[in-house]
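All values below come from the heavy atoms of this structure, side chains included, with hydrogens, waters and symmetry mates left out. Order of appearance sets the numbers: ligands from 1, and atoms from 1 within every ligand.
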Amino acid sequence: MLLRIFKEVVNSSKKMFILNYGLTLLMGLLNAVPLIAMQKFFDSLIYINSDYSAFFYLGLFIFIKMLSYGISEYTNYKYEFYDLTVMGKMTEKTNQKVSGFKPVFFEDSTMMDSIEKAYEGTGRMRRVVDTVMMILLYYIPQIIVTGIYLFMAHPLLPLCIVMMLAVVIITTKIEEKDYIDTEKATSNHDRRINAYCDYIAGIRSFKETKLLGMQGYFLSKITKALSERKIIKKQCIRSIGKKDYLKSGILLFCHIAILSILLLCLGNKTVTIGIIAAVMTSLDEIMEMLEGLMDELKGGISKAIGKIKMFFGIQDVKEEKDGNKKLDHISRIDLRNVGFSYPGQEQPAVADLNLSIRTGEHIAVVGENGSGKSTLVKLLSGLYEPNEGAVLYNNTDINDFQHKSVYDKETAIFQNYGKYELSIRDNIEIGKYGSFENTEKNADKQEMDYKIKTILEEVCFDYNKYEKLDETILGREFGETDLSGGQWQRLAIARGLYRNGELMILDEPTSAIDPFEEERLYNLFCKVMKNKTAVIVTHRLRFTMWADRIVVMKDGKIVGNGSHKELMEKCNEYKRIWEASDICRDGLIPSC
Ligand code: ADP
Ligand code: MG
């Protein structure tokens, strides 16, 4: 695992790796010099009065300190770039991988969770490498050099340092546990506070909260959660404070022990005053170094490893198997005993689906909410792979075709359409970028604008207030303006129509649009579908009149398939839906 992390980080930028960690090693080695310079300085002052060497050592001490400081600042600055480089490369890798996943993966909540953690893992990889490298190249050399120096002064001195190290390790471990326990105990409060703040000030709910006067309620909830959190945190701080006293006491004892040893040695003349001064002044630094080492070790490395594991897990997911045949034209589509269950669901969403569609046919799919209509079209379009049975295009299993060549023949307007926070022009054109590369993108802009405007007019999207189609960014998050649900849906329709595929899939394409416009749009669909194969899911029966055939779904099964007249005679479910519909009540039949 660690090896794999190193490999990824080194491969991200070999140059940066060598530069950063070369400097780290240099710093580790340089840090021992001030200790020796300090000793020599005092010894020169006390024992060799007339010499300039005291100044030399003082100068050396200051020089090395400044050099270390300079290198440390430089590496800190470089680290930021290095971090960004590694993170960028890893994110790119994850993006590439995730965009190749089967669409059905995104229905799986555990998979979604892994993907989220994998993205977090991309930011942690260099931290892990950094921790290991800091320990190997900075702390260990420094500890060895200082240890040897102290051992030469007196063999008992390194023992005192080991004791101090033990105290630091034990207390940080205990403090870490305190922090983790507190974190666990307050995480629920934190989540609640965030949620309540979002209800009051978040884009999605602030209107409702304000109008219905719910702020007071949420504010009091926040106050309560904050005070509960404060009590828990206070206990933690108090407990850590007590342990800190103990830690300081033991460390003070170590300091005194070291000083006593040194003074005894001074009496025996085995150490010089310079050594005592150097050791005493560097004790704080040694402590700082030990605490730094502990920080490196506890800096969430195990948590980071967990997330990095997800990163590798995602990288190791097998690519979607792609067929090798190219689909040139759809002459027929067949579903043979198709069954499908969503990930993690025991009950199949659809089962035993048998359906044949010939080129140019227009099929309407009707049925109650949850009867499996959307699942049917996702299977039919090749977006999801059936768990049972097969989807055939031109009598060949859809999996034998290159996915892209299948998608290129299709266009879709989904029930849950995308709200892309882009310009109007991009919102419409993106549907073509993937399939037709840059040919259309670079076409004459005026002509393109004309085409886009025509489609926008057809779907009744009033673009006049957006001066230039490619300048106003839509949406609230980072756009300048927002659209209503119906306007977003009109854009999705325009995008689907602009793409102009051979097979059109429309899944309740007008759910957010008012009834007057709906009629117009259905007429428009009739027009554009003239020479295409089309499958349209709708729960409004008045719009099934133009279809060649109506497919009725109930509880994940196809329970009817035929013309209105046939279904009225044979299919109870259809009859039931028909009798409950406005078309039956008002006798409104759309013209098409
Ligand atoms: P319809 O489009 O007719 O309303 P769907 O095809 O969306 O129906 O859903 C069919 C069944 O599959 C329903 O029982 C629904 O609860 C279930 N279902 C749909 N999407 C998911 C999903 N992502 N995860 C689990 N079950 C789902
Ligand atoms: Mg649906």
Under the 4.0 Å line, does any protein heavy atom show up next to atom 15 (C) of ligand 1? no

What pairs of residues pass the side-chain hydrogen bond (donor to acceptor under 3.5 Å, both in side chains) test when at least one of them lies in residues 343-355, not counting sequence neighbours? Asn337-Asn354

Charged N to carboxylate O under 4.0 angstrom, Asp507 versus Lys373? no

For the 3.5 Å polar cut-off, considering only N or O atoms, please tell me whether Ala349 and ligand 1 meet it. no

Can you pull out the closest protein heavy atom to atom 27 (C) of ligand 1? Residue, atom name and distance to 0.1 Å, please. Tyr342 CD1, 3.3 Å

Note the single closest protein heavy atom to atom 23 (N) of ligand 1, along with its residue, its atom name and the distance in Å. Glu107 OE1, 2.3 Å

Just checking, any donor-acceptor pair under 3.5 angstrom between side chains of Glu107 and Tyr384? yes

So if I count the atoms of ligand 1 from 1 in the order they appear, which ones are less than 4.0 Å from some heavy atom of Asn369? 4 (O)

State whether a side-chain donor-acceptor pair under 3.5 Å links His362 with Asp548. no

Nearest non-hydrogen contact to atom 10 (C) of ligand 1 from the set Ser374, Gly344, Gly372 belongs to Gly372

Quick one: does atom 2 (O) of ligand 1 have a protein heavy atom under 4.0 Å from it? yes

Can you see whether Tyr342 engages Thr375 through a side-chain donor-acceptor pair at a distance of less than 3.5 angstrom? yes

Looking at atom 13 (C) of ligand 1, what's its closest protein heavy atom, distance included? Gly370 O, 3.6 Å

State, without any angle test, whether Asn561 and Arg549 hold a side-chain donor-acceptor pair at a distance under 3.5 Å. yes

Regarding Asp334 and Tyr393, is there a side-chain donor-to-acceptor distance under 3.5 Å anywhere? no

Within the 3.5 Å criterion, strictly below it, is a donor on Asn188 or Arg192 matched to an acceptor on the partner's side chain? yes

Test your reading of the structure: does Thr375 have an N or O sitting under 3.5 Å from an N or O of ligand 1? yes

Using a distance threshold of 2.8 Å, what protein N/O/S atoms lie below it relative to the Mg ion (ligand 2)? Ser374 OG, Gln415 OE1

Between Glu368 and ligand 1, find which residue part has any heavy-atom pair under 4.0 Å and reply side chain, backbone, both or neither. backbone

Assess, by modelled atom type and distance only, whether the side chains of Tyr463 and Glu457 contain a donor and an acceptor separated by less than 3.5 Å. yes

Between Asn387 and Ser341, is there a donor-acceptor pair closer than 3.5 Å when you use the side chain of the first and the backbone of the second? yes

Looking only at the side chains, is there a donor atom on one of Glu410 and Ser381 sitting less than 3.5 Å from an acceptor on the other? no

At under 4.0 Å between heavy atoms, is it the side chain or the backbone of Gln345 that contacts ligand 1, or both, or neither? side chain

